[in-house]
Amino acid sequence: MTQDLSAVQGRDNVWEMAQRQLDEVAGLIGLNESLHGYLRQPKRVLEVSVPARMDNGAFRMYTGYRVQHNMARGPGKGGIRFHPDVTLDEVKALAMWMTWKCALVNIPFGGAKGGVICDPKRMSMQELENLTRRFTSEISIIIGPEKDIPAPDVYTTPQIMAWIMDTFSMQHGYSISGVVTGKPLAIGGSLGRDKATARGCMYVVDEAMEALGKTIEGARVAIQGFGNAGMYAAQLMDERGYRVVAVSDSHGGVANDEGLDVGRLIAHKFETGSVVGFTGGHRTDNREVLEYDCDVLVPAALEKVITRENAPRITAKIVAEAANGPTMPDADDILFDRDIMVLPDILANAGGVTVSYFEWVQDLQANFWEEEEINERLKRKLTRAFREAHEQATRHGVSMRKGAYCVAVARVAEATKLRGLYP
Ligand code: GLU
């Protein structure tokens, strides 16, 4: 009985899921055993206790993490997540995915991630600021523009990045804007960073549509999650000619087969905090959106939402993972057998970290670019990554995830091997 339970937990564990994804391509690229073992583990894990002053005058203890998975190709890079369900295993998985993501789009970063177990929706701005500043101070021993550069992730915002930048800068005695990306423009943020994850996702969906010989105009899109990635994906894809037919957020969903009026929907989300109650469509829910009749499905919320239970019912021909880790390995196999092209997270949401890289470069040079230049460079990087992954997938007769991993893991393995072991 106990054994059964741990087997089930093991299968559902997101860190084991990330390790399994690596294991599945090790043979394909002839990764040697010791290097494989090395890449299966994070380089460094920091757990911190974070006391934060609450509005009632008392302080509360939070637990936070910063994990650096591999830094052979450059400083660690990856967001910080504020969410009640954060676990160390989740942060380890997210850090490993950042390593592959940065390698796939060929930017000179390793992979890292941070998280704090908290519920920002139930905290005041002052409490959030206090928590952010103390967490920054606790992890400041391992972050920095040459060491590890945080960014936004689930429920963290440009304002939170500004507090991180300020806290780190005050500790050092001068402004260090390159310590964090996703900042507001006024303090060294980059044009285009706010929509970069969504824009990148759209660019790779465009490529996939072309590869599959499909027409963009009127193609039906369903989006699960309406945060930074999902909301802007709806906006940009609508502008591009796709028809957004269903969306959802943590409260529920809304659908309209004729196409949702995305502009009005976003206004409704800003006004009420949810897409629920929008009058331009009928009510649906988070689960139904995943199975909604569409051509392109964009999971843009949290991990493990596409499972072996719902994978057989997905109707989309393309699944673009704007979220990290939305598809479980068993579901991945089902989708592949059903001839559904899954654009993996490390490709489909890599637009965010790519423009983070541009932001970091601009900060270091103190020289800022026009938005067209940023979008153009983003498109070049993602188009190339799509083609390299697609070429590997075709060559080995495997999924786009495995194709993308072949490219990414080989790059990290090469850098790790070239640098050798110290001492
Ligand atoms: N949190 C985002 C991701 O998962 C962005 C990371 C970054 O910009 O460094 O890719």
Side-chain angles (χ1 to χ4, degrees), residues 14 18 65-71 73-83 86 90-116 139 143-145 147-158 160-161 164-165 177-184 188-201 204 225 227-230 232-233 298-303 320-326 343-363 374 377-378 381-382 385 404 408:
V14 71
Y65 307 100
R66 185 74 188 171
V67 174
Q68 296 167 340
H69 170 257
N70 184 289
M71 313 217 286
R73 289 173 39 88
K77 188 84 192 80
I80 290 173
R81 175 173 294 203
F82 282 1
H83 194 278
V86 163
E90 182 191 38
V91 181
K92 280 161 68 176
L94 290 161
M96 184 191 260
W97 289 329
M98 286 309 304
T99 301
W100 312 140
K101 197 182 297 184
C102 294
L104 178 65
V105 289
N106 217 352
I107 55 180
F109 287 138
K113 202 80 172 199
V116 178
I139 64 167
I143 64 169
K147 289 161 113 182
D148 178 2
I149 305 117
D153 196 74
V154 174
Y155 293 158
T156 50
T157 58
I160 290 174
M161 301 307 114
I164 294 175
M165 182 273 209
S177 54
V179 66
V180 66
T181 59
K183 299 178 296 295
S190 174
L191 289 166
R193 177 62 185 86
D194 52 352
K195 297 186 186 173
T197 309
R199 189 178 294 280
C201 183
V204 293
N228 173 275
Y232 286 130
V298 183
L302 295 170
E303 301 92 337
E321 297 184 333
N324 287 307
L343 300 171
D345 42 14
I346 62 166
L347 173 65
N349 71 32
V353 74
T354 301
V355 178
S356 273
Y357 165 59
F358 298 157
E359 178 173 335
W360 178 77
V361 168
Q362 292 171 85
D363 287 340
I374 288 159
R377 283 178 187 253
L378 171 64
K381 283 236 166 260
L382 290 192

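Both ligands and their constituent atoms are indexed starting at 1 by order of listing. Source: prediction; values computed, not measured.
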(request) Check whether any side-chain heavy atom of Ile80 sits under 4.5 Å from a side-chain heavy atom of Arg66, and report yes or no. (result) yes
Ignoring hydrogens and angles, write down the donor-acceptor pairs under 3.5 Å from the side chains of residues 106-115, residues two or more places apart or on other chains.
residue, atom, partner, partner atom, Å
Asn106, OD1, Arg73, NH2, 3.2
Lys113, NZ, Asp153, OD1, 3.0

(message) How close do Val105 and Leu382 get, counting heavy atoms only, and between which atoms?
(response) CG1-CD2, 3.4 Å
(message) Quick one: does any side-chain atom of Asp345 pair with a main-chain N or O of Glu321 as donor and acceptor, under 3.5 Å?
(response) no
All N/O donor-acceptor pairs, side-chain side in residues 346-353, below 3.5 Å, sequence neighbours left out:
residue, atom, partner, partner atom, Å
Asn349, OD1, Lys101, NZ, 2.8
Asn349, ND2, Ala322, O, 3.2
Asn349, ND2, Ala323, O, 3.2
Asn349, ND2, Asn324, OD1, 2.9

(message) Test of understanding: with side chain to side chain contact (heavy atoms under 4.5 Å, CB included), list the residues that count as partners of Thr181, not counting sequence neighbours.
(response) Lys77, Ile149, Ala151, Ser356, Glu359, Trp360
(request) At a heavy-atom distance under 4.0 Å, which protein residues reach ligand 1? Sort them by chain and number, would you? (result) Lys77, Gly78, Gly79, Met98, Lys101, Lys113, Ala151, Pro152, Asp153, Arg193, Asn324, Gly352, Val353, Ser356
